[in-house]
Every structure is written in structure tokens, then in C-alpha cells.
**Student:** 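Below you will find the structure I want to go over with you.
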Amino acid sequence: MSSTPSLDLSNIQWRMPEWVQSVGGLRTENVLDYFSFSPFYDHKSNNQMLKMQSQFNALDLGDLNNHLRRLTGTQFVVTHERPPFLWIIQKQHRLNEQEVRPLNTYFVCNENIYMAPNAYSLLATRMLNATHSLQTALKKIERMPQYHPQGGYTYSQNMSDNPSSQIKDAQESDNNENTNADNNADGTFSTEDFSVVRAFMKSLHSFPNPSNP
């Protein structure tokens with residue numbers, strides 16, 4: 001019997017504006033309560049256990065982290081705050097009072113809750129962007145070499161994608177074929193030769209900065 005596939009939470013944006021309005025806005029003191037209504041919350045966590053205990057034993061949750069530190073298991077804690085717009089919540093498995101193992105990270109931004117992407121998703125996206133940019137650069141480079149039996153290979157400096165511009169460049173190249181042959185007779189690289197390198201380096205500059213995911 002096949003099991004039901006788990007829901008992919010990485011593409012979910014969740015919010016409950018009516019709850020935020022009823023409590024007078026989000027604050028550090030109530031952001032975990034707000035988070036507990038989202039599909040990201042684990043009802044088997046230590047947070048839920050303490051929440052249930054506070055209903056009957058009047059447990060003071062003013063310092064929730066101190067209570068969670070004495071417990072082991074799955075927990076949700078606020079690791080960064082910039083009220084009233086941003087909170088970062090970490091799902092972790094506490095092994096002891098000094099050691100925890102992070103499981104997932106979520107951020108609450110302007111009442112919206114998102115799940116932070118994992119390292120695999122970030123790397124896969126970066127690799128896909130890099131591959132696309134490299135393929136685009138190579139397609140442009142493929143159109144640059146122009147060959148003539150007398151002058152050999154020449155390279156157009158114009159990177160325009162307009163077909164009419166490419167035809168014009170080819171005609172100008174044929175008109176200057178003798179000049180190109182004389183310039184390359186000594187085996188040195190001309191300005192046109194370096195256009196290939198410039199086109200490739202230009203495509204590299206269009207890549208996203210890995211330091212800003």
C-alpha cells in the first residue's frame with residue numbers, strides 16, 4: 001500500500017490577518033502563537049505541550065526559552081527579531097540544555113510566514129541560472145566567427161541579436177578581409193579575436209551574487 005506523499009511546504013505563503021487584527025498586531029510575545037496556526041507548526045512539539053499545560057496549570061510562559069531548554073525533543077524558538085515586520089523562527093531538536101540540532105527555518109515577514117529554502121534548493125537554483133547564462137553566452141559566441149577562404153576567421157565585435165545587423169557585419173567583414181589577413185599575418189591576436197573573451201566575461205557578470213541568496 002503506497003503512502004500519501006507529504007505536502008511540500010517550501011512553496012507555501014501563509015497568513016491570518018484577522019488573528020493579527022484581533023490581538024492588536026504581531027509582537028515577539030505572540031508571534032509563536034501566530035505561527036502555531038500555520039501548516040508549518042508541529043502539534044507534537046514541546047511548544048504545544050507547554051501551551052496545553054498553561055491552560056490548566058497557569059504556567060508562566062513569559063520566558064518560553066527557559067522552559068524549552070529544560071526539555072528535549074522538537075521545539076520552535078525565535079532566533080532573530082526585528083519587530084514589527086520580521087521574525088525568524090527555527091524548528092530544532094534539542095538533545096540537552098547546551099546542544100540542539102536545527103531542522104528547519106521559517107520567517108515571518110509582514111504577517112506572511114514562509115519556509116526558508118534548504119541548501120540543496122539554493123544550490124540547484126544557482127546552478128540552473130549559471131547554466132542558462134552560459135548557454136546564452138555560447139549561442140552568441142557561435143554566431144561571431146566568420147570564415148573566408150582568403151582572410152580566414154574573423155570575429156564581429158557587435159553582439160546584436162538583430163539578423164539584419166549580423167548580415168551587415170558579414171558584408172563589412174568581407175570588404176575588410178584583406179586587411180584582417182595582413183593584421184594576423186604575424187600570428188598575434190587582433191581586437192576582434194578578444195571579442196569572444198569579452199562576450200564570455202560579460203555573461204559571467206550577469207550571474208546572481210552567491211552571497212545574496
Side-chain angles (χ1 to χ4, degrees), residues 4-95 97-133 136 204-213:
T4 303
S6 58
L7 179 64
D8 183 11
L9 300 177
S10 61
N11 298 320
I12 292 180
Q13 171 190 331
W14 184 91
R15 64 181 302 172
M16 185 183 289
E18 60 274 12
W19 189 92
V20 176
Q21 185 177 4
S22 67
V23 298
L26 284 180
R27 301 177 299 277
T28 303
E29 294 77 16
N30 62 18
V31 68
L32 284 176
D33 289 333
Y34 180 59
F35 182 83
S36 66
F37 294 101
S38 72
F40 308 108
Y41 186 69
D42 185 354
H43 290 274
K44 297 180 181 179
S45 64
N46 293 338
N47 300 66
Q48 182 67 19
M49 181 186 67
L50 291 174
K51 185 177 181 180
M52 296 298 296
Q53 290 180 1
S54 65
Q55 295 180 357
F56 304 101
N57 301 332
L59 180 64
D60 182 12
L61 295 182
D63 192 357
L64 179 62
N65 289 335
N66 284 339
H67 293 285
L68 292 175
R69 194 174 292 112
R70 293 193 290 265
L71 301 173
T72 59
T74 303
Q75 304 175 352
F76 293 93
V77 295
V78 177
T79 59
H80 179 80
E81 57 182 284
R82 190 174 294 177
F85 306 110
L86 176 66
W87 290 267
I88 296 180
I89 298 175
Q90 178 176 279
K91 180 180 181 181
Q92 61 188 23
H93 182 83
R94 179 168 291 280
L95 303 175
E97 291 190 8
Q98 288 78 31
E99 186 178 2
V100 297
R101 180 166 57 90
L103 300 176
N104 283 311
T105 302
Y106 311 88
F107 53 97
V108 183
C109 182
N110 292 328
E111 302 179 8
N112 299 310
I113 301 180
Y114 308 88
M115 179 178 178
N118 54 33
Y120 172 82
S121 299
L122 288 175
L123 181 59
T125 302
R126 297 294 180 183
M127 291 296 294
L128 181 61
N129 291 339
T131 302
H132 173 73
S133 298
T136 302
L204 292 180
H205 287 302
S206 66
F207 290 171
N209 190 345
S211 64
N212 297 321

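Keep in mind that what you see is a predicted model, and the values were worked out from it rather than measured.
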**Student:** Can you find a pair of side-chain heavy atoms, one from Leu71 and one from Leu50, that are under 4.5 Å apart?
**Tutor:**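 Side-chain contact under 4.5 Å: yes.
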**Student:** Checking Arg94 side chain against Glu97 main chain: does a donor-acceptor pair fall under 3.5 Å?
**Tutor:**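 Looks like yes, one N/O pair under 3.5 Å.
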**Student:** Please report the shortest heavy-atom distance between Thr72 and Leu95, naming the atom on each side.
**Tutor:**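 Closest approach of Thr72 to Leu95: CG2-O, 3.5 Å.
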**Student:** Using every non-hydrogen atom in the two residues, find where Ile12 and Pro39 come nearest and quote the distance to one decimal.
**Tutor:**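 That closest heavy-atom pairing would be CG2-CG, 4.4 Å.
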**Student:** Look up atom OG1 in Thr105 and atom CD1 in Ile88, then write down how far apart they are to the nearest 0.5 Å.
**Tutor:**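 With rounding to 0.5 Å, OG1 (Thr105) is 8.0 Å from CD1 (Ile88).
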**Student:** Working to the nearest 0.5 angstrom, can you tell me the gap between Leu103 CG and Ser45 OG?
**Tutor:**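 Those atoms lie 11.0 Å apart.
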**Student:** Please name the pair of heavy atoms, one in Pro84 and one in Leu26, separated by the smallest distance, quoted to 0.1 Å.
**Tutor:**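 In this case the closest contact between Pro84 and Leu26 is CB-O, 4.5 Å.
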**Student:** What's the separation between atom NZ in Lys91 and atom CD in Gln75, rounded to the nearest 0.5 Å?
**Tutor:**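 Going from NZ on Lys91 over to CD on Gln75, the span is 12.0 Å.
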**Student:** For Met115 versus Ser10, what's the shortest heavy-atom pair and its separation?
**Tutor:**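 What the structure gives for the nearest pair is SD-N, 4.0 Å.
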**Student:** Only pairs at least two apart or in different chains count here, so list each side-chain hydrogen bond (donor to acceptor under 3.5 Å, both in side chains) that has a residue in residues 23-37.
**Tutor:**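 Found Thr28-Glu81, Thr28-Trp87, Ser36-Lys51.
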**Student:** From Arg70 CZ over to Asn46 CG, what is the distance, rounded to the nearest 0.5 angstrom?
**Tutor:**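 Spacing of CZ (Arg70) from CG (Asn46) equals 12.0 Å.
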**Student:** Please give me the minimum heavy-atom distance between Thr74 and Asp42, naming the atom from each residue.
**Tutor:**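 Closest approach of Thr74 to Asp42: CG2-OD2, 4.0 Å.
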**Student:** Tell me if a side-chain donor or acceptor on Tyr41 pairs with a main-chain N or O of Gln48 at a distance below 3.5 Å.
**Tutor:**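 Judged by distance alone, yes, a pair lies under 3.5 Å.
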**Student:** So, taking the atom named CD1 in Ile113 and the one named CG in Leu9, what distance separates them when rounded to the nearest 0.5 Å?
**Tutor:**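 Separation between the atoms: 11.5 Å.
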**Student:** Taking side chain as C-beta onward, heavy atoms only, is Asn47 less than 4.5 Å from Leu64?
**Tutor:**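 Yes; the side chains approach each other to less than 4.5 Å.
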**Student:** How close do Arg15 and Asn110 get, heavy atom to heavy atom, and via which atoms?
**Tutor:**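 Reported closest heavy-atom pair: NH2-O, 4.3 Å.
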**Student:** Nearest 0.5 angstrom please: Glu99 CD to Gln92 CD, how far?
**Tutor:**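 Those atoms lie 11.5 Å apart.
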**Student:** Counting neighbours of CD on Glu18 that are heavy atoms of other residues, nucleotides or ligands and sit closer than 6.0 Å, is the number greater than 12?
**Tutor:**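 Enclosed: over 12 neighbouring heavy atoms sit under 6.0 Å from CD of Glu18.
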**Student:** Tyr106: what forms a ring pair (Phe, Tyr, Trp, His ring centres under 6.0 Å) with it, not counting sequence neighbours?
**Tutor:**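 Ring pair (Phe, Tyr, Trp, His ring centres under 6.0 Å) check on Tyr106 returns Phe35, Phe40.
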**Student:** Among residues at least two apart in sequence or on other chains, which ones pass side chain to side chain donor-acceptor pair (under 3.5 Å) with Gln13?
**Tutor:**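 By the side chain to side chain donor-acceptor pair (under 3.5 Å) rule, Gln13 matches Asn112.
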